[in-house]
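Each ligand, and each atom within it, is numbered from 1 in the order the structure gives. Index from 1, following the sequence.
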Amino acid sequence: MTLLGRGVAGIAAAVRSKEASAREVLAESLAAIEQLEGELHCFHTVMAERAEAAAAALDEKVARGEDPGLLAGVPVALKDNMCTKGTVTTCSSRILENWVPPYDATVVTRLRAAGAVVVGKTNLDEFAMGSSTENSAFGPTRNPWDTARVPGGSSGGSAAAVAAGMVPLAYGSDTGGSIRQPASLCGVVGVKPTYGLVSRYGLVAFASSLDQIGPFTLSVADSALGLEAVAGHDPADSTSIDRPATSYAGLLEEGVEGLRVGLIEDFVSEVSPSCAEAARAAAEALGAAGAKVEEVSIPEVLHGLPAYYVIAPAEASSNLARYDGVRYGLRVGGPDVAAMNARTRGAGFGKEVRRRVMVGTYALSAGYYDAYYGQAQRVRTLVVEAFARAYERFDVLVAPMTPSEAFRLGEKTANPLDMYVSDVCAVPSNLAGHPAVSVPFALGAEGLPVGVQVLAPALGEGLMYRAAAVLEQAAPPAARGPVRPGGERRA
Ligand code: GLN
C-alpha cells in the first residue's frame, strides 16, 4: 500500500514512528499531483519547494525526538481563499491574481504547528460564489469520477484533490454548502463545523455571518483529526467560540444506540430518486445500528435558500467593497478615483461576483433594506427556531445532501437559479450556524457518488461524527474515493 493510501491517521503514525519520512510521503503526493493535475486542474499553486523544506524540517524534528504533532507529515491542500504568507492567494479572481498576503490565516498557522505539510492552493469559484468551480477566473476543476462533470463547488479543487488521491486532507470554506456539496459530488467526507469553532482569521471573507472552514478527507476518522487540528478559540477572530478544543477521535466507536434521529422529509422530496433513496437508506442504516429513527417535517428549511440568496450577497457586497484598486489587488487606471474604482472592479470581478454585488447592494439600499435584507433575516430566525424545536425531539437529523449526482460542465452555467438550487439542502445549517457533514453513501443511477448529510445542533460535532462513522460502515466502498480520472479505482 502507498503511504498516501494510509490516510491522515496512518501517515501521521508512520512519520511519528519513523517508519516513513515526511519527505517520502510528500514525494508521493507531488507525484500524484504531477500525474493527474493536467486532467483535473485542482490547483492554482503547488508549493513544491516550500513543502520539501517543511517536510525536511519535520523529519529533523522527529529525529531529535520532539513531538511532530497530530498531523505529522500529512500533505495538505488549502482552498485558495485562505491567506498564506508569501504565497499568492487569488480567490480565483483576476482582482487578486497577483496578491501575496503578508500573513498566514490561523488555520495555516495551526496546520503547520500540527506538523502538516502544505502542498498547494486549490481552485474555487471566484470568491467562493458558486456550486461547480466553473466561476473560477482560471478555468474549472473536473470531477475525477467523470472528467466531463463538475466536482461541485465552491471548494471543488480541494474536494477533487482528495477524491483523486493527490492529498489525504484538504480544507475548504462553506458559506452555503461549499464543502458539503462538492464532497457529495466527489465521494469524499466534507464537514462544515459549528460557526465559530474554526477561526476565520485570514479566510478571505465572502459572507462573514455564514463562512466556516472545514476538512475534506476520504474517511470519517481522518475528518475528525483534520477538524481537531484547526478548531479552537482564536482571539484574532471576534466570532470564535471561547472554549477548549475537543478531540473527536475517541467518540467514533460509540455508535448510535439509543440516539434519536430525524429524517428531514421536506428535503427528501426535493431531490432526485437516487439522492432521496440514499437518504432513506442512511436513516434505515442508523435504525439498524440501534438509533430511534423517525421522519420529521421541518417546512421552514425550504425557505432557507431564498433567505440565503439575499443575506449572502448583502454581506458579500459589503465585504467586497475593499477591492477598490487603492490598497491591494488589481488597479486599472482612470481619469479620477471613481473611474479607477469602476474600471478596476469591472475588469477584476467576473460575472457572478458582479451579480452578487449588485443584488446585495440593492437588498441593502435605503427603501428596500427592510423588504429584502430585513425580511431575509426574519426568515433566518424562523429557520433557527424550527431547528431548535426539532432538536428538542432529535439528537441528529439526516437529509439528502444534493439534488442530483455531479452534473456536466456547462449544464447549469446559463441559468444562475439552476446553480443556486444545488445548495437547497445545505444552506439551512449555515443560517443556523450548525455543524453538518456529507458522508459518501451510495452510487446513484448515473454511477456517480451520492452523499448523505448528517446535521447536528451547535457544537454537536461529536454526535455528528458518531452517526457519520456508522453510515461510513454501512456504505458500499465503491461509493467513495480515491479514483483516478475516468472513475478508475485506485489501488
Ligand atoms: N453555492 C453557494 C453560493 O454560491 C454556496 C457557496 C459557498 O458555500 N461558499 O453562494
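- For atom 1 (N) of ligand 1, the nearest non-hydrogen atom of the protein is Asp423 OD2, 2.5 Å.
- In terms of protein heavy-atom proximity, atom 3 (C) of ligand 1 is nearest to Tyr309 OH, 3.2 Å.
- Residue contacts with ligand 1: Ala312 is excluded, as none of its non-hydrogen atoms falls under 4.0 Å.
- Contacts between Thr175 and ligand 1, counted as non-hydrogen atom pairs separated by less than 4.0 Å, involve both the backbone and the side chain.
- Screening residues 441-456 for side chain to side chain donor-acceptor pair (under 3.5 Å), with sequence neighbours left out, gives Arg149-Glu446, Arg180-Gln453.
- Without hydrogens or angle criteria, Ser184 side chain to Gly451 main chain gives a donor-acceptor distance under 3.5 Å.
- Below 3.5 Å of separation, one finds an N or O of Ala128 facing an N or O of ligand 1.
- Taking atom 6 (C) of ligand 1 as the reference point, the nearest protein heavy-atom neighbour is Ser178 OG, 2.8 Å.
- Side-chain atoms of Lys79 and Ser173 form a donor-acceptor pair, as typed in the model, at a separation below 3.5 Å.
- At least one heavy atom of Arg356 lies less than 4.0 angstrom from ligand 1.
- Qualifying side-chain contact (heavy atoms from CB on, under 4.5 Å) partners for Pro457, counting only residues two or more places apart in sequence or in other chains: Tyr391.
- In terms of protein heavy-atom proximity, atom 10 (O) of ligand 1 is nearest to Tyr308 OH, 2.6 Å.
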